[in-house]
2 protein chains.
Amino acid sequence: MKKGQITIHDIARHLSLDSSTISRALNDSPRVTAKTKEKVRKVASELGYRPNLMATGLRTQRSKTIGVIVPWISRHFFSSAISGIEQVVYKEGYHVIICQSHDNYKREVSNTFALFDNRVEGVLASVAMDTTKFDHLTQIKDENIPIVFFDRYPPGVSACRVVIDDFKAAYQVTEHLISQGHRRIAHFSGPRNLNIYRDRFDGYKKALKDHNLVMDPTMVFESRLLPDDGIEGIKYLLSLPDLPDALFCSNDLTALSAMQYLQKDGSFSVPDDMAIAGFSNSPSTSIIKPGLTTVDQSGEEIGKAAAKRLIAEIRGETDRGMNEVITIDTQLIVRGSSCRK
Amino acid sequence: MKKGQITIHDIARHLSLDSSTISRALNDSPRVTAKTKEKVRKVASELGYRPNLMATGLRTQRSKTIGVIVPWISRHFFSSAISGIEQVVYKEGYHVIICQSHDNYKREVSNTFALFDNRVEGVLASVAMDTTKFDHLTQIKDENIPIVFFDRYPPGVSACRVVIDDFKAAYQVTEHLISQGHRRIAHFSGPRNLNIYRDRFDGYKKALKDHNLVMDPTMVFESRLLPDDGIEGIKYLLSLPDLPDALFCSNDLTALSAMQYLQKDGSFSVPDDMAIAGFSNSPSTSIIKPGLTTVDQSGEEIGKAAAKRLIAEIRGETDRGMNEVITIDTQLIVRGSSCRK
DNA sequence: CATGTAAATACAATCGATTGTATTTGAGCT
DNA sequence: AGCTCAAATACAATCGATTGTATTTACATG
């Protein structure tokens with residue numbers, strides 16, 4: 001019953017050595033003979049010794065843990081990003097504590113504190129839609145915990161971020177729609193307090209302007225971009241006196257649901273009656289017919305870049321600027337949903 | 001620079017009290033006056049005190065952490081399961097360390113040790129395709145760390161598991177295909193060392209048998225069920241002298257890629273030339289045209305059930321049997337891909 | 001053989017919180 | 001005032017590992 005875990009003291013007892021020698025032996029310190037190290041390692045593996053990371057972390061003040069906050073784990077972009085993060089930090093001997101905010105401010109705050117309580121050595125975060133106050137994030141910085149944002153970042157928090165050029169990508173999408181002959185281009189936007197949706201909106205506007213089209217604010221529908229919002233949005237557009245001939249959605253989720261809604265009774269054709277484009281290149285976009293034009297944004301690559309940068313900051317190798325912006329390339333993926341036959 | 005974290009000792013100094021009193025005050029012990037508790041809480045929040053979970057964990061031997069091992073975070077089923085897990089454990093004051101095995105045995109082993117090193121209080125695992133030895137998992141059990149498997153479980157490890165009835169679900173799918181008039185039903189199977197693929201295969205065979213159809217082993221294609229395997233599988237089937245008239249795939253990934261391959265030049269019609277069914281009800285199955293018949297298997301529900309059960313075991317509330325099998329309901333989702341017009 | 005010196009190892013404090021035991025405080029009573 | 005007794009708080013050990021300092025060991029040298 002008294003089945004405690006094996007500690008360095010147990011090894012020490014077996015070898016009539018002091019626990020400090022065991023510790024040094026296991027950490028390959030030059031202060032211990034090769035012969036002793038050998039003996040220690042042998043006994044350690046015989047006893048099935050495994051270090052207690054809580055003890056090590058407490059003593060060394062390094063938890064070997066990094067915290068990740070994302071809105072939704074199960075969104076393809078974020079789970080890919082986490083996958084990328086995990087691959088990078090795993091190699092460096094770190095592990096990852098994952099929290100999801102459900103796009104909710106209060107949960108994001110409590111996640112942030114939970115990560116701090118665990119004394120994570122760094123944080124990777126993509127902020128929630130609801131987040132408009134950022135004290136919890138600045139506090140993390142103030143505690144000297146490096147934080148790197150990816151995809152969604154808060155204004156005014158001085159930190160590095162890994163992003164894509166949302167403005168440019170949205171510009172390209174819009175320009176592509178224009179090049180296909182569309183003139184009345186609608187837009188589904190997300191909450192403008194988030195950089196990504198603001199930038200995508202701005203890119204859309206700029207493209208229209210550069211091609212001498214006037215942006216019609218009645219054709220811009222703002223929502224939280226959940227699947228149902230796509231349906232609500234397309235219903236709204238269909239109720240307009242002058243129908244748009246194209247639609248650029250700020251994410252794939254709404255593009256897909258809007259497109260399915262349009263196609264469901266066969267009376268409406270995509271792209272002939274309305275061209276559609278989305279954003280993120282999530283798996284379903286290549287499966288829907290016609291394929292959904294979208295922007296490829298590799299979650300995995302973004303996650304990897306953010307993790308690498310964070311580890312560099314943890315190590316104090318911040319050679320590049322403190323608030324560096326790392327931009328990952330995107331690619332416009334043109335598929336049938338936007339192409340005039 | 002010397003910006004150490006705030007500890008209970010700092011609070012103690014501020015109030016000329018002992019740190020033990022602070023600890024008891026913050027833990028609402030009856031041994032401290034209400035008045036003192038009030039003062040302690042006030043100073044604690046003024047100083048921005050946050051408990052160090054490594055210290056607490058070391059002392060109490062309870063890390064408030066549970067470990068999760070999945071093959072791939074970014075697979076919809078698993079990210080949904082993680083989402084469910086996270087929701088449950090979060091409420092109980094636990095957090096989650098996530099590892100992915102990439103369906104690789106060695107990584108799964110090293111993940112397992114990493115979780116042990118962190119002294120997780122419990123483990124939720126879905127084993128890798130490559131895993132045929134299970135010592136690492138039995139060791140965890142032997143260390144008295146509760147482990148609950150979900151979806152994929154190893155044979156011979158005595159532990160609770162949360163699963164679906166793969167046999168029954170596969171039987172239903174096959175029977176449905178038969179009811180649609182299909183007689184030559186092919187099957188894409190996964191590695192048979194995994195319960196889920198073995199059971200799905202068995203359910204398929206039993207349904208055929210019960211309907212007086214003979215299973216033709218040349219129509220069973222075994223692979224690791226990645227998208228490319230679906231293409232390879234369908235090419236193989238197309239090369240057979242007698243084409244199958246239906247195909248039941250052990251996962252959606254291969255069903256989708258096979259279906260897209262068949263449809264790509266328009267010469268082949270699904271379901272008329274070949275009916276197809278998949279397994280898992282991943283998002284794309286409702287987007288492809290025709291919709292893919294599949295089995296709904298709620299990752300979130302499975303994750304929640306597994307997490308609840310694990311927490312019960314951690315708490316020692318194992319009223320139900322030690323090796324209980326919790327079966328989550330599935331639902332056959334019939335869509336166009338399998339229905340005779 | 002005594003001694004100096006470097007190598008090898010032991011001792012002890014520490015990280016931050018918890019907890020069993022010991023001590024102090026103060027109210028109530030004679 | 002002296003005393004009791006319970007309430008409130010202080011003391012000190014502990015969790016497992018690390019690390020600066022002290023001590024022992026062993027070998028070489030005069």
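Just so you know, these numbers come straight off a predicted model, no measurement behind them. By convention in this document, chain letters (A, B, ...) are assigned in the order of the sequence lines, proteins followed by strands, and residues within each chain are numbered from 1.
Straight-line distance from the CG atom of A/Leu15 to the C1' atom of C/dA8: 15 Å, rounded to whole Å. Between B/Lys37 atom NZ and D/dA7 atom P there is a gap of 14 Å when expressed in whole angstrom units. Atom NZ of A/Lys35 is separated from atom P of D/dT25 by 16 Å (rounded to the nearest Å). Atom-to-atom, CG of A/Leu26 to P of D/dG16 comes out at 15 Å; the value is rounded to the nearest Å. Rounded to an integer number of Å, the gap from B/Asn27 CG to C/dT19 C1' is 11 Å. Residue A/Asn118 contributes atom CG, which lies 16 Å from atom P of C/dG16 at whole-angstrom precision. Look at NE2 on B/His9: it is 10 Å from C1' on C/dT18, rounded to the nearest Å. Summarising the geometry, the separation between CD1 on B/Ile22 and C1' on D/dA8 is reported as 13 Å, rounded to the nearest angstrom.
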Tabulate atom names and distances for all N/O pairs under 3.5 angstrom spanning the protein and nucleotides 9-12 of chain C.
from   : atom 1 : to      : atom 2 : distance (Å)
C/dT9  : OP1    : A/Thr36 : OG1    : 2.9
C/dT9  : OP2    : A/Thr33 : OG1    : 2.9
C/dT9  : OP2    : A/Thr36 : OG1    : 3.2
C/dT9  : O4     : A/Arg31 : NH2    : 2.7
C/dA10 : OP1    : A/Ser16 : O      : 3.3
C/dA10 : OP2    : A/Asp18 : N      : 2.6
C/dA10 : OP2    : A/Thr21 : OG1    : 3.1
C/dA10 : N6     : A/Arg31 : NH2    : 2.9
C/dC11 : N4     : A/Ser20 : OG     : 2.9

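At a threshold of 4.0 Å, the pair B/Glu143-A/Arg50 does not count as salt-bridged, since none of the basic side-chain nitrogens sits closer than that to a carboxylate oxygen. Between B/Glu86 and A/Arg107 there is a salt bridge, since a side-chain N of the basic residue sits under 4.0 Å from a carboxylate O of the acidic one. A/Lys42 and A/Glu46 are joined by a salt bridge, as a carboxylate oxygen and a charged side-chain nitrogen come within less than 4.0 angstrom of each other. Under a 4.0 Å N-O distance rule, the pair B/Glu313/B/Arg309 qualifies as a salt bridge.
Counting heavy atoms from C-beta on, the side chains of B/Tyr105 and B/Thr132 never come closer than 4.5 Å.
Note that B/Arg119 lies in the cation-pi zone of B/Phe116, set by a 6.0 Å cut-off to the ring centre and a 45° limit from the axis.
Remark: B/Tyr49, B/Arg50, B/Pro51, B/Asn52, B/Ala55, B/Thr56, B/Arg59, B/Thr60 in residues 45-62 of chain B come within less than 4.0 Å of DNA chain C through at least one heavy atom.
Relative orientation of the B/Phe77 and B/Phe150 rings is tilted, given thresholds of 30° and 60° on the angle between their planes.
Contact annotation for B/Thr7: backbone-only contact, meaning every heavy-atom pair under 4.0 Å involves sugar-phosphate atoms and none involves a base.
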Side chain to side chain contact (heavy atoms under 4.5 Å, CB included), that's the test. Do B/Ile66 and B/Ile314 meet it? Break it down for me. CA-CA 10 Å; B/Ile66 72 147; B/Ile314 289 171; 3.9 Å; yes
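Using modelled atom types, one side-chain atom of A/Asn193 and one backbone atom of A/Met129 make a donor-acceptor pair closer than 3.5 Å.
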